[in-house]
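Just so we're on the same page: letters track the sequence lines, and every chain starts at 1. Since this is a predicted model, take the numbers as computed values, not measurements.
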Number of protein chains: 2
Amino acid sequence: VKRLYIVGTGPGAAEHLSPAARVALESCTDLVGYGLYTDLLGDISTGKNLHTSPLGQETERARLALELAASGRCVGLVSSGDAGIYAMATLVFELLDREAKAAWQCVEITLVPGITAAQAAASRVGAPLAHDFCAISLSDLLTPWETIEKRLTAAAEADFVLALYNPISSKRRWQLPRALQILSQHRAPQTPVVIARNVTRADESILVTSLAEVDAENVDMLSVVLIGNRETRCVGPWVYTPRGYAAKEPQH
Amino acid sequence: VKRLYIVGTGPGAAEHLSPAARVALESCTDLVGYGLYTDLLGDISTGKNLHTSPLGQETERARLALELAASGRCVGLVSSGDAGIYAMATLVFELLDREAKAAWQCVEITLVPGITAAQAAASRVGAPLAHDFCAISLSDLLTPWETIEKRLTAAAEADFVLALYNPISSKRRWQLPRALQILSQHRAPQTPVVIARNVTRADESILVTSLAEVDAENVDMLSVVLIGNRETRCVGPWVYTPRGYAAKEPQH
(Lines give C-alpha, C1' and ligand atoms only; values in the text may rest on other atoms or scores of the structure.)
Protein backbone atom coordinates (compact mmCIF):
# COMPACT_ATOMS: atom_id res chain seq x y z
CA VAL A 1 0.00 0.00 0.00
CA LYS A 2 1.28 3.44 -0.91
CA ARG A 3 0.12 5.62 1.91
CA LEU A 4 -0.04 9.30 2.72
CA TYR A 5 -1.28 10.48 6.12
CA ILE A 6 -2.20 14.14 6.31
CA VAL A 7 -2.02 14.87 10.01
CA GLY A 8 -2.99 17.80 12.16
CA THR A 9 -0.80 17.75 15.25
CA GLY A 10 -2.83 20.27 17.23
CA PRO A 11 -1.71 23.59 18.66
CA GLY A 12 1.67 22.37 19.90
CA ALA A 13 1.72 20.54 23.22
CA ALA A 14 1.92 16.75 22.95
CA GLU A 15 -1.08 16.43 25.28
CA HIS A 16 -3.27 17.74 22.46
CA LEU A 17 -1.91 15.34 19.81
CA SER A 18 -4.64 12.74 19.31
CA PRO A 19 -3.89 9.02 19.61
CA ALA A 20 -5.00 8.70 15.96
CA ALA A 21 -2.40 11.27 14.92
CA ARG A 22 0.31 9.61 17.00
CA VAL A 23 -0.39 6.14 15.60
CA ALA A 24 -0.44 7.47 12.05
CA LEU A 25 2.84 9.36 12.43
CA GLU A 26 4.56 6.46 14.18
CA SER A 27 3.71 4.18 11.25
CA CYS A 28 5.45 6.51 8.79
CA THR A 29 8.91 6.13 7.33
CA ASP A 30 9.01 9.76 6.21
CA LEU A 31 7.67 12.99 7.66
CA VAL A 32 7.24 16.12 5.58
CA GLY A 33 6.63 19.49 7.19
CA TYR A 34 7.70 22.96 8.13
CA GLY A 35 10.67 22.72 10.48
CA LEU A 36 9.02 24.26 13.53
CA TYR A 37 6.12 21.82 13.38
CA THR A 38 8.24 18.69 13.04
CA ASP A 39 10.35 19.94 15.98
CA LEU A 40 7.21 20.00 18.11
CA LEU A 41 6.71 16.27 17.48
CA GLY A 42 9.59 15.33 19.79
CA ASP A 43 10.13 11.59 20.10
CA ILE A 44 7.71 10.68 17.30
CA SER A 45 10.13 11.97 14.68
CA THR A 46 13.08 9.95 15.99
CA GLY A 47 14.49 7.57 13.39
CA LYS A 48 12.31 8.86 10.58
CA ASN A 49 13.38 10.57 7.40
CA LEU A 50 12.56 14.22 8.00
CA HIS A 51 11.90 16.44 5.01
CA THR A 52 11.63 19.96 6.32
CA SER A 53 11.33 23.11 4.28
CA PRO A 54 10.82 26.80 5.06
CA LEU A 55 7.54 28.70 5.16
CA GLY A 56 6.36 29.64 1.68
CA GLN A 57 7.16 26.29 0.07
CA GLU A 58 3.84 24.65 0.88
CA THR A 59 3.09 23.45 -2.65
CA GLU A 60 6.54 21.90 -2.98
CA ARG A 61 6.02 20.16 0.37
CA ALA A 62 2.68 18.70 -0.74
CA ARG A 63 4.23 17.54 -4.03
CA LEU A 64 7.15 15.94 -2.21
CA ALA A 65 4.75 14.11 0.10
CA LEU A 66 2.82 12.72 -2.88
CA GLU A 67 6.03 11.75 -4.71
CA LEU A 68 7.48 9.96 -1.69
CA ALA A 69 4.24 8.08 -1.08
CA ALA A 70 3.99 7.13 -4.77
CA SER A 71 7.54 5.80 -4.57
CA GLY A 72 6.50 3.41 -1.81
CA ARG A 73 7.39 5.31 1.34
CA CYS A 74 4.83 5.64 4.12
CA VAL A 75 4.53 9.40 4.43
CA GLY A 76 3.16 11.75 7.06
CA LEU A 77 2.46 15.28 5.86
CA VAL A 78 2.40 17.32 9.05
CA SER A 79 0.54 20.54 9.81
CA SER A 80 0.16 22.14 13.18
CA GLY A 81 -3.44 22.69 14.25
CA ASP A 82 -5.89 20.97 11.92
CA ALA A 83 -4.33 20.06 8.57
CA GLY A 84 -7.67 20.85 6.95
CA ILE A 85 -7.98 24.43 8.27
CA TYR A 86 -5.70 26.99 6.57
CA ALA A 87 -3.11 24.27 6.21
CA MET A 88 -1.53 21.59 4.05
CA ALA A 89 -4.36 19.19 3.22
CA THR A 90 -5.97 21.26 0.50
CA LEU A 91 -2.68 21.58 -1.40
CA VAL A 92 -2.53 17.82 -1.84
CA PHE A 93 -5.99 17.75 -3.41
CA GLU A 94 -5.19 20.78 -5.54
CA LEU A 95 -2.17 18.93 -6.95
CA LEU A 96 -4.19 15.78 -7.53
CA ASP A 97 -6.74 17.89 -9.37
CA ARG A 98 -4.43 20.12 -11.43
CA GLU A 99 -1.48 17.88 -12.17
CA ALA A 100 -3.17 14.48 -11.88
CA LYS A 101 0.05 12.48 -12.23
CA ALA A 102 -0.68 8.83 -12.90
CA ALA A 103 1.80 7.70 -10.24
CA TRP A 104 -0.18 9.58 -7.57
CA GLN A 105 -3.48 7.83 -8.26
CA CYS A 106 -2.58 4.72 -6.28
CA VAL A 107 -1.63 6.62 -3.12
CA GLU A 108 -4.10 5.94 -0.33
CA ILE A 109 -4.77 9.15 1.55
CA THR A 110 -5.95 9.33 5.16
CA LEU A 111 -6.59 12.57 7.00
CA VAL A 112 -6.40 12.94 10.77
CA PRO A 113 -8.02 16.05 12.27
CA GLY A 114 -6.37 18.13 14.99
CA ILE A 115 -7.24 20.87 17.47
CA THR A 116 -6.97 24.20 15.67
CA ALA A 117 -5.55 27.37 17.21
CA ALA A 118 -8.93 29.05 17.75
CA GLN A 119 -10.10 26.11 19.85
CA ALA A 120 -6.98 26.05 21.99
CA ALA A 121 -7.22 29.81 22.46
CA ALA A 122 -10.89 29.59 23.40
CA SER A 123 -10.20 26.86 25.95
CA ARG A 124 -7.75 29.15 27.77
CA VAL A 125 -10.25 31.95 28.30
CA GLY A 126 -13.66 30.27 28.62
CA ALA A 127 -16.20 29.76 25.87
CA PRO A 128 -16.01 32.63 23.38
CA LEU A 129 -16.83 30.32 20.42
CA ALA A 130 -19.97 28.92 22.00
CA HIS A 131 -22.31 30.43 19.41
CA ASP A 132 -22.10 30.93 15.63
CA PHE A 133 -18.61 31.94 14.58
CA CYS A 134 -16.48 32.57 11.50
CA ALA A 135 -12.87 31.77 10.82
CA ILE A 136 -11.26 34.37 8.55
CA SER A 137 -7.64 34.54 7.41
CA LEU A 138 -6.31 38.08 7.08
CA SER A 139 -3.63 36.98 4.63
CA ASP A 140 -4.16 38.69 1.29
CA LEU A 141 -1.34 36.82 -0.39
CA LEU A 142 -3.73 34.42 -2.14
CA THR A 143 -7.09 36.08 -1.51
CA PRO A 144 -7.87 39.61 -2.68
CA TRP A 145 -8.27 42.04 0.21
CA GLU A 146 -11.68 43.04 -1.18
CA THR A 147 -12.92 39.48 -0.56
CA ILE A 148 -11.52 39.46 2.97
CA GLU A 149 -13.03 42.85 3.76
CA LYS A 150 -16.40 41.73 2.39
CA ARG A 151 -16.28 38.74 4.75
CA LEU A 152 -15.26 40.84 7.74
CA THR A 153 -18.15 43.20 7.07
CA ALA A 154 -20.64 40.38 6.58
CA ALA A 155 -19.48 38.65 9.77
CA ALA A 156 -19.60 41.91 11.72
CA GLU A 157 -23.09 42.81 10.51
CA ALA A 158 -24.53 39.33 11.08
CA ASP A 159 -23.05 39.23 14.60
CA PHE A 160 -20.76 36.24 14.27
CA VAL A 161 -17.97 35.66 16.77
CA LEU A 162 -14.73 35.90 14.79
CA ALA A 163 -11.51 33.90 14.83
CA LEU A 164 -8.85 35.73 12.83
CA TYR A 165 -6.04 33.53 11.48
CA ASN A 166 -2.79 34.90 10.02
CA PRO A 167 -3.68 38.24 11.60
CA ILE A 168 -0.35 39.90 10.91
CA SER A 169 3.12 39.17 9.57
CA SER A 170 6.33 41.13 9.12
CA LYS A 171 5.12 42.29 5.69
CA ARG A 172 1.37 42.52 6.36
CA ARG A 173 0.90 45.22 8.99
CA TRP A 174 -2.24 47.22 8.12
CA GLN A 175 -4.72 44.36 7.66
CA LEU A 176 -5.42 43.69 11.34
CA PRO A 177 -5.94 47.37 12.25
CA ARG A 178 -8.30 47.67 9.27
CA ALA A 179 -10.20 44.54 10.36
CA LEU A 180 -10.56 45.91 13.90
CA GLN A 181 -11.80 49.20 12.46
CA ILE A 182 -14.52 47.37 10.50
CA LEU A 183 -15.55 45.43 13.59
CA SER A 184 -15.67 48.61 15.66
CA GLN A 185 -18.32 50.00 13.33
CA HIS A 186 -20.64 47.16 14.34
CA ARG A 187 -19.68 46.22 17.92
CA ALA A 188 -19.44 48.06 21.22
CA PRO A 189 -16.01 49.28 22.43
CA GLN A 190 -16.12 46.83 25.35
CA THR A 191 -16.54 43.78 23.07
CA PRO A 192 -14.05 41.18 24.36
CA VAL A 193 -11.00 40.49 22.19
CA VAL A 194 -8.59 37.63 22.90
CA ILE A 195 -5.05 37.57 21.57
CA ALA A 196 -3.59 34.10 21.93
CA ARG A 197 0.01 33.55 20.93
CA ASN A 198 1.75 30.19 20.75
CA VAL A 199 -1.10 28.53 22.67
CA THR A 200 -0.03 25.37 24.54
CA ARG A 201 3.63 25.96 23.63
CA ALA A 202 6.42 26.94 26.00
CA ASP A 203 6.09 30.69 25.48
CA GLU A 204 2.29 30.84 25.37
CA SER A 205 0.74 34.22 26.05
CA ILE A 206 -2.94 35.02 26.35
CA LEU A 207 -4.30 38.55 26.50
CA VAL A 208 -7.95 39.38 27.10
CA THR A 209 -8.69 42.91 26.01
CA SER A 210 -11.48 44.81 24.20
CA LEU A 211 -12.15 46.34 20.81
CA ALA A 212 -11.46 49.76 22.30
CA GLU A 213 -8.17 48.75 23.91
CA VAL A 214 -6.70 46.15 21.55
CA ASP A 215 -3.21 46.98 20.30
CA ALA A 216 -2.08 45.28 17.09
CA GLU A 217 1.49 45.53 18.38
CA ASN A 218 0.67 42.62 20.70
CA VAL A 219 -0.14 40.35 17.74
CA ASP A 220 2.27 38.43 15.54
CA MET A 221 2.13 35.63 12.98
CA LEU A 222 2.00 32.95 15.70
CA SER A 223 -1.17 34.50 17.13
CA VAL A 224 -4.86 33.94 16.62
CA VAL A 225 -7.30 36.73 17.50
CA LEU A 226 -10.83 36.06 18.76
CA ILE A 227 -13.44 38.82 18.72
CA GLY A 228 -16.73 38.42 20.56
CA ASN A 229 -20.19 39.05 19.13
CA ARG A 230 -22.71 41.49 20.65
CA GLU A 231 -23.56 38.98 23.39
CA THR A 232 -20.04 37.96 24.40
CA ARG A 233 -19.34 38.88 28.02
CA CYS A 234 -16.74 38.57 30.75
CA VAL A 235 -17.25 36.99 34.15
CA GLY A 236 -14.19 37.26 36.36
CA PRO A 237 -11.22 36.21 34.21
CA TRP A 238 -13.44 34.34 31.75
CA VAL A 239 -14.93 35.26 28.39
CA TYR A 240 -18.06 33.54 27.15
CA THR A 241 -20.71 33.84 24.49
CA PRO A 242 -24.16 32.80 25.72
CA ARG A 243 -25.66 29.95 23.76
CA GLY A 244 -28.69 31.87 22.64
CA TYR A 245 -30.45 35.18 22.41
CA ALA A 246 -33.62 34.26 24.23
CA ALA A 247 -33.76 34.50 28.00
CA LYS A 248 -35.65 31.24 28.38
CA GLU A 249 -34.28 27.86 29.39
CA PRO A 250 -33.57 25.33 26.63
CA GLN A 251 -36.40 23.16 25.34
CA HIS A 252 -35.47 20.21 23.16
CA VAL B 1 -8.43 22.18 45.43
CA LYS B 2 -12.01 22.17 44.22
CA ARG B 3 -11.73 21.35 40.56
CA LEU B 4 -13.99 21.28 37.53
CA TYR B 5 -12.71 20.04 34.20
CA ILE B 6 -14.83 20.95 31.20
CA VAL B 7 -13.78 18.41 28.63
CA GLY B 8 -14.47 17.96 24.93
CA THR B 9 -14.15 14.28 24.14
CA GLY B 10 -14.08 14.70 20.37
CA PRO B 11 -16.46 13.22 17.81
CA GLY B 12 -16.73 9.80 19.40
CA ALA B 13 -13.91 7.34 18.70
CA ALA B 14 -11.36 6.99 21.49
CA GLU B 15 -8.55 7.59 19.00
CA HIS B 16 -9.65 11.23 18.79
CA LEU B 17 -9.79 11.78 22.56
CA SER B 18 -6.71 13.85 23.39
CA PRO B 19 -4.24 12.75 26.06
CA ALA B 20 -5.07 15.97 27.92
CA ALA B 21 -8.75 15.02 27.98
CA ARG B 22 -7.98 11.47 29.08
CA VAL B 23 -5.71 12.57 31.94
CA ALA B 24 -8.26 15.15 33.10
CA LEU B 25 -11.14 12.66 33.08
CA GLU B 26 -9.10 9.93 34.77
CA SER B 27 -8.32 12.29 37.64
CA CYS B 28 -12.02 12.90 38.30
CA THR B 29 -14.17 11.31 40.97
CA ASP B 30 -17.38 12.35 39.23
CA LEU B 31 -18.41 12.68 35.60
CA VAL B 32 -21.42 14.71 34.53
CA GLY B 33 -22.85 14.42 31.04
CA TYR B 34 -25.51 13.35 28.61
CA GLY B 35 -25.76 9.57 28.74
CA LEU B 36 -24.69 8.89 25.16
CA TYR B 37 -21.49 10.86 25.60
CA THR B 38 -20.43 9.23 28.84
CA ASP B 39 -21.11 5.83 27.23
CA LEU B 40 -18.61 6.72 24.52
CA LEU B 41 -15.91 7.12 27.17
CA GLY B 42 -15.65 3.37 27.74
CA ASP B 43 -13.04 2.37 30.31
CA ILE B 44 -12.42 5.93 31.49
CA SER B 45 -15.76 6.05 33.26
CA THR B 46 -15.21 2.80 35.15
CA GLY B 47 -15.35 3.28 38.92
CA LYS B 48 -16.44 6.90 38.75
CA ASN B 49 -19.68 8.42 39.94
CA LEU B 50 -21.65 8.99 36.76
CA HIS B 51 -24.29 11.71 36.73
CA THR B 52 -26.15 11.38 33.47
CA SER B 53 -29.21 13.28 32.40
CA PRO B 54 -31.31 13.50 29.25
CA LEU B 55 -30.99 16.04 26.44
CA GLY B 56 -32.63 19.33 27.33
CA GLN B 57 -31.30 19.49 30.90
CA GLU B 58 -28.06 21.22 30.03
CA THR B 59 -28.37 24.03 32.57
CA GLU B 60 -29.14 21.56 35.35
CA ARG B 61 -26.10 19.53 34.32
CA ALA B 62 -23.81 22.56 34.47
CA ARG B 63 -25.23 23.52 37.87
CA LEU B 64 -24.74 19.99 39.19
CA ALA B 65 -21.13 20.01 38.00
CA LEU B 66 -20.46 23.29 39.82
CA GLU B 67 -22.21 22.08 42.98
CA LEU B 68 -20.29 18.81 43.06
CA ALA B 69 -16.98 20.58 42.51
CA ALA B 70 -17.82 23.16 45.20
CA SER B 71 -18.55 20.29 47.59
CA GLY B 72 -15.04 18.95 47.11
CA ARG B 73 -15.48 16.38 44.36
CA CYS B 74 -13.16 16.42 41.35
CA VAL B 75 -15.63 16.80 38.51
CA GLY B 76 -15.46 16.27 34.76
CA LEU B 77 -18.24 17.95 32.79
CA VAL B 78 -18.26 16.04 29.51
CA SER B 79 -19.34 17.22 26.07
CA SER B 80 -18.80 15.39 22.83
CA GLY B 81 -16.89 17.37 20.23
CA ASP B 82 -15.42 20.56 21.65
CA ALA B 83 -17.04 21.58 24.94
CA GLY B 84 -16.65 25.22 23.87
CA ILE B 85 -18.51 24.90 20.54
CA TYR B 86 -22.32 24.62 20.84
CA ALA B 87 -21.82 22.69 24.05
CA MET B 88 -21.64 22.72 27.82
CA ALA B 89 -18.79 25.11 28.65
CA THR B 90 -20.71 28.34 28.13
CA LEU B 91 -23.49 27.23 30.52
CA VAL B 92 -21.01 27.04 33.37
CA PHE B 93 -19.89 30.63 32.79
CA GLU B 94 -23.47 31.78 32.35
CA LEU B 95 -24.30 30.32 35.78
CA LEU B 96 -21.21 31.88 37.36
CA ASP B 97 -22.28 35.19 35.86
CA ARG B 98 -26.02 35.11 36.62
CA GLU B 99 -26.22 33.23 39.88
CA ALA B 100 -22.74 33.93 41.25
CA LYS B 101 -23.07 31.61 44.22
CA ALA B 102 -20.33 32.22 46.76
CA ALA B 103 -19.57 28.50 47.06
CA TRP B 104 -18.73 28.34 43.34
CA GLN B 105 -16.07 31.05 43.44
CA CYS B 106 -13.38 28.75 44.78
CA VAL B 107 -13.83 26.12 42.07
CA GLU B 108 -10.81 25.97 39.78
CA ILE B 109 -11.98 25.52 36.21
CA THR B 110 -9.87 23.99 33.44
CA LEU B 111 -11.11 23.55 29.87
CA VAL B 112 -9.78 20.91 27.50
CA PRO B 113 -10.56 21.40 23.80
CA GLY B 114 -11.72 18.58 21.53
CA ILE B 115 -12.17 17.81 17.84
CA THR B 116 -15.54 19.17 16.79
CA ALA B 117 -17.91 17.40 14.39
CA ALA B 118 -17.16 19.68 11.43
CA GLN B 119 -13.47 18.84 11.64
CA ALA B 120 -14.07 15.11 11.83
CA ALA B 121 -16.49 15.35 8.90
CA ALA B 122 -14.03 17.38 6.86
CA SER B 123 -11.24 14.87 7.51
CA ARG B 124 -13.36 12.09 5.99
CA VAL B 125 -13.91 13.85 2.67
CA GLY B 126 -10.78 15.95 2.08
CA ALA B 127 -10.33 19.62 2.91
CA PRO B 128 -13.65 21.45 2.53
CA LEU B 129 -12.87 23.81 5.45
CA ALA B 130 -9.52 24.91 4.05
CA HIS B 131 -10.59 28.51 3.52
CA ASP B 132 -12.76 30.96 5.48
CA PHE B 133 -15.75 29.21 7.01
CA CYS B 134 -18.69 29.78 9.36
CA ALA B 135 -20.26 27.50 11.90
CA ILE B 136 -24.00 28.11 12.22
CA SER B 137 -26.49 26.25 14.39
CA LEU B 138 -29.91 25.85 12.80
CA SER B 139 -31.57 25.42 16.19
CA ASP B 140 -34.06 28.23 16.76
CA LEU B 141 -34.88 27.10 20.28
CA LEU B 142 -32.68 29.79 21.84
CA THR B 143 -31.89 32.01 18.86
CA PRO B 144 -34.61 33.73 16.81
CA TRP B 145 -34.88 32.30 13.30
CA GLU B 146 -34.49 35.85 11.90
CA THR B 147 -30.98 35.98 13.39
CA ILE B 148 -30.10 32.58 11.95
CA GLU B 149 -31.46 33.49 8.53
CA LYS B 150 -29.53 36.75 8.57
CA ARG B 151 -26.34 34.79 9.25
CA LEU B 152 -27.06 32.24 6.54
CA THR B 153 -27.62 35.04 4.04
CA ALA B 154 -24.49 36.91 5.12
CA ALA B 155 -22.38 33.74 4.93
CA ALA B 156 -23.84 32.85 1.53
CA GLU B 157 -23.25 36.30 0.07
CA ALA B 158 -19.72 36.64 1.43
CA ASP B 159 -18.81 33.18 0.10
CA PHE B 160 -17.95 31.42 3.33
CA VAL B 161 -17.82 27.63 3.50
CA LEU B 162 -20.56 26.61 5.96
CA ALA B 163 -20.71 24.03 8.71
CA LEU B 164 -24.31 23.60 9.87
CA TYR B 165 -24.74 22.23 13.38
CA ASN B 166 -28.05 20.97 14.80
CA PRO B 167 -29.36 20.89 11.22
CA ILE B 168 -32.56 19.08 12.00
CA SER B 169 -34.42 17.36 14.85
CA SER B 170 -37.68 15.50 15.23
CA LYS B 171 -39.45 18.82 15.90
CA ARG B 172 -37.42 21.14 13.69
CA ARG B 173 -37.98 19.99 10.10
CA TRP B 174 -38.21 23.06 7.86
CA GLN B 175 -35.07 24.90 8.95
CA LEU B 176 -32.57 22.88 6.93
CA PRO B 177 -34.58 23.00 3.68
CA ARG B 178 -34.93 26.77 4.17
CA ALA B 179 -31.18 27.12 4.78
CA LEU B 180 -30.41 25.15 1.62
CA GLN B 181 -32.84 27.35 -0.31
CA ILE B 182 -30.98 30.48 0.86
CA LEU B 183 -27.64 28.95 -0.10
CA SER B 184 -28.99 27.96 -3.52
CA GLN B 185 -29.69 31.61 -4.28
CA HIS B 186 -25.97 32.36 -4.01
CA ARG B 187 -24.17 29.15 -5.04
CA ALA B 188 -24.16 26.95 -8.11
CA PRO B 189 -26.26 23.73 -8.10
CA GLN B 190 -23.10 21.60 -8.24
CA THR B 191 -21.68 23.14 -5.02
CA PRO B 192 -20.47 20.20 -2.92
CA VAL B 193 -22.50 19.34 0.18
CA VAL B 194 -21.32 16.83 2.78
CA ILE B 195 -23.69 15.11 5.18
CA ALA B 196 -21.72 13.47 7.96
CA ARG B 197 -23.61 11.44 10.52
CA ASN B 198 -22.10 9.95 13.67
CA VAL B 199 -18.59 10.58 12.39
CA THR B 200 -15.96 8.21 13.88
CA ARG B 201 -18.68 6.22 15.68
CA ALA B 202 -19.77 2.68 14.86
CA ASP B 203 -22.57 3.64 12.50
CA GLU B 204 -20.78 6.51 10.76
CA SER B 205 -22.19 7.53 7.40
CA ILE B 206 -20.75 10.11 5.04
CA LEU B 207 -22.58 11.34 1.97
CA VAL B 208 -21.05 13.69 -0.59
CA THR B 209 -23.75 15.33 -2.66
CA SER B 210 -24.51 18.77 -4.11
CA LEU B 211 -26.81 21.71 -3.44
CA ALA B 212 -29.02 20.54 -6.32
CA GLU B 213 -29.22 16.93 -5.11
CA VAL B 214 -29.14 17.19 -1.31
CA ASP B 215 -32.08 15.56 0.43
CA ALA B 216 -32.85 16.72 3.98
CA GLU B 217 -34.29 13.25 4.65
CA ASN B 218 -30.69 12.01 4.88
CA VAL B 219 -29.96 14.37 7.77
CA ASP B 220 -30.74 13.90 11.46
CA MET B 221 -29.77 15.44 14.77
CA LEU B 222 -26.54 13.44 14.92
CA SER B 223 -25.41 14.94 11.61
CA VAL B 224 -23.33 17.94 10.63
CA VAL B 225 -23.74 19.41 7.14
CA LEU B 226 -20.88 21.09 5.26
CA ILE B 227 -21.58 23.31 2.26
CA GLY B 228 -18.79 24.45 -0.04
CA ASN B 229 -18.12 28.00 -1.16
CA ARG B 230 -17.92 29.07 -4.83
CA GLU B 231 -14.42 27.61 -5.16
CA THR B 232 -15.02 24.25 -3.47
CA ARG B 233 -14.46 21.38 -5.91
CA CYS B 234 -14.32 17.62 -6.13
CA VAL B 235 -11.38 15.53 -7.30
CA GLY B 236 -12.17 11.83 -7.40
CA PRO B 237 -13.90 10.98 -4.11
CA TRP B 238 -12.47 14.09 -2.40
CA VAL B 239 -13.90 17.54 -1.71
CA TYR B 240 -11.59 20.50 -1.22
CA THR B 241 -11.65 24.27 -1.04
CA PRO B 242 -8.55 25.86 -2.61
CA ARG B 243 -6.57 28.00 -0.21
CA GLY B 244 -6.93 31.17 -2.21
CA TYR B 245 -8.57 32.93 -5.09
CA ALA B 246 -5.45 33.92 -6.96
CA ALA B 247 -3.91 31.52 -9.45
CA LYS B 248 -0.37 32.31 -8.35
CA GLU B 249 1.90 30.30 -6.10
CA PRO B 250 2.15 31.37 -2.44
CA GLN B 251 4.62 34.09 -1.50
CA HIS B 252 5.29 34.63 2.20
Side-chain angles (χ1 to χ4, degrees), chain A residues 14-20 23 55-56 58-59 82 84-87 89-91 93-94 96-97 111-113 115 119-120 122-123 126-127 129-130 132-137 141-144 147 150-151 154-155 157-160 233 235-236 238 240-246 249-252, chain B residues 14-20 23 55-56 58-59 82 84-87 89-91 93-94 96-97 111-113 115 119-120 122-123 126-127 129-130 132-137 141-144 147 150-151 154-155 157-160 233 235-236 238 240-246 249-252:
Chain A
E15 66 175 1
H16 296 293
L17 180 83
S18 73
V23 167
L55 274 182
E58 283 76 21
T59 301
D82 187 312
I85 297 179
Y86 303 121
T90 191
L91 293 173
F93 301 109
E94 208 163 340
L96 288 174
D97 199 5
L111 297 105
V112 183
I115 302 291
Q119 294 175 294
S123 75
L129 302 179
D132 303 334
F133 67 92
C134 293
I136 301 179
S137 167
L141 297 172
L142 292 171
T143 302
T147 303
K150 183 175 182 183
R151 288 181 182 156
E157 288 178 350
D159 204 29
F160 284 97
R233 303 164 48 86
V235 53
W238 303 106
Y240 77 99
T241 304
R243 66 197 305 238
Y245 284 70
E249 291 289 283
Q251 302 167 340
H252 280 263
Chain B
E15 65 174 1
H16 296 293
L17 180 81
S18 73
V23 166
L55 273 182
E58 283 76 20
T59 301
D82 187 312
I85 297 179
Y86 303 122
T90 191
L91 293 172
F93 300 110
E94 208 162 339
L96 289 174
D97 198 4
L111 297 105
V112 183
I115 302 291
Q119 294 174 295
S123 75
L129 301 179
D132 301 336
F133 67 93
C134 293
I136 301 180
S137 167
L141 297 172
L142 292 170
T143 302
T147 303
K150 183 175 182 182
R151 287 181 181 156
E157 288 178 350
D159 203 29
F160 284 96
R233 304 163 48 86
V235 53
W238 303 105
Y240 76 99
T241 304
R243 65 198 307 238
Y245 284 71
E249 291 288 285
Q251 304 167 338
H252 279 262

If you count heavy-atom pairs within less than 4.5 Å of chain A, which of [options] leads?
options	value
B:I85, B:L111, B:T147, B:V112	B:L111
B:A14, B:A120, B:P242	B:P242
B:E157, B:K150, B:Q119	B:Q119
B:R151, B:H16, B:E15	B:R151

Side chain, backbone, both or neither: which part of [X] has a heavy atom under 4.5 Å from chain A?
X	value
B:D82	side chain
B:T90	both
B:A135	both

- For A:F133, ring-ring contact (aromatic ring centres under 6.0 Å, His included) partners two or more places apart: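 So A:F133 forms no ring-ring contact (aromatic ring centres under 6.0 Å, His included) with any residue.
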- Task: With sequence neighbours excluded, tell me which residues meet ring-ring contact (aromatic ring centres under 6.0 Å, His included) with B:F160.
- Result: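 ring-ring contact (aromatic ring centres under 6.0 Å, His included) check on B:F160 returns nothing, list empty.
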- Item | Region of A:S137 that comes under 4.5 Å of a non-hydrogen atom in chain B |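 Both backbone and side chain of A:S137 come within 4.5 Å of chain B.
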- Item | Which portion of A:L17 sits near chain B, non-hydrogen atoms under 4.5 angstrom |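 The answer is the backbone of A:L17.
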Among [options], which residue has the highest count of heavy-atom pairs closer than 4.5 Å to chain B?
options	value
A:A20, A:S18, A:A122	A:A20
A:S123, A:G236, A:A154	A:S123
A:A155, A:G84, A:P113	A:P113

- Query: When rounded to the nearest 0.5 angstrom, what is the spacing between CD in B:E94 and CZ in A:R233?
  - Reply: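 Answer for the CD-CZ pair, B:E94 versus A:R233, is 8.5 Å.
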- Inter-residue atom distance A:D132.CG - B:T143.OG1, 0.5 Å rounding: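 If I round to the nearest 0.5 Å, the distance is 6.5 Å.
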- Query: Hey, does A:D97 have a side-chain heavy atom less than 4.5 Å from the side chain of B:Y240?
  - Reply: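 They are in side-chain contact.
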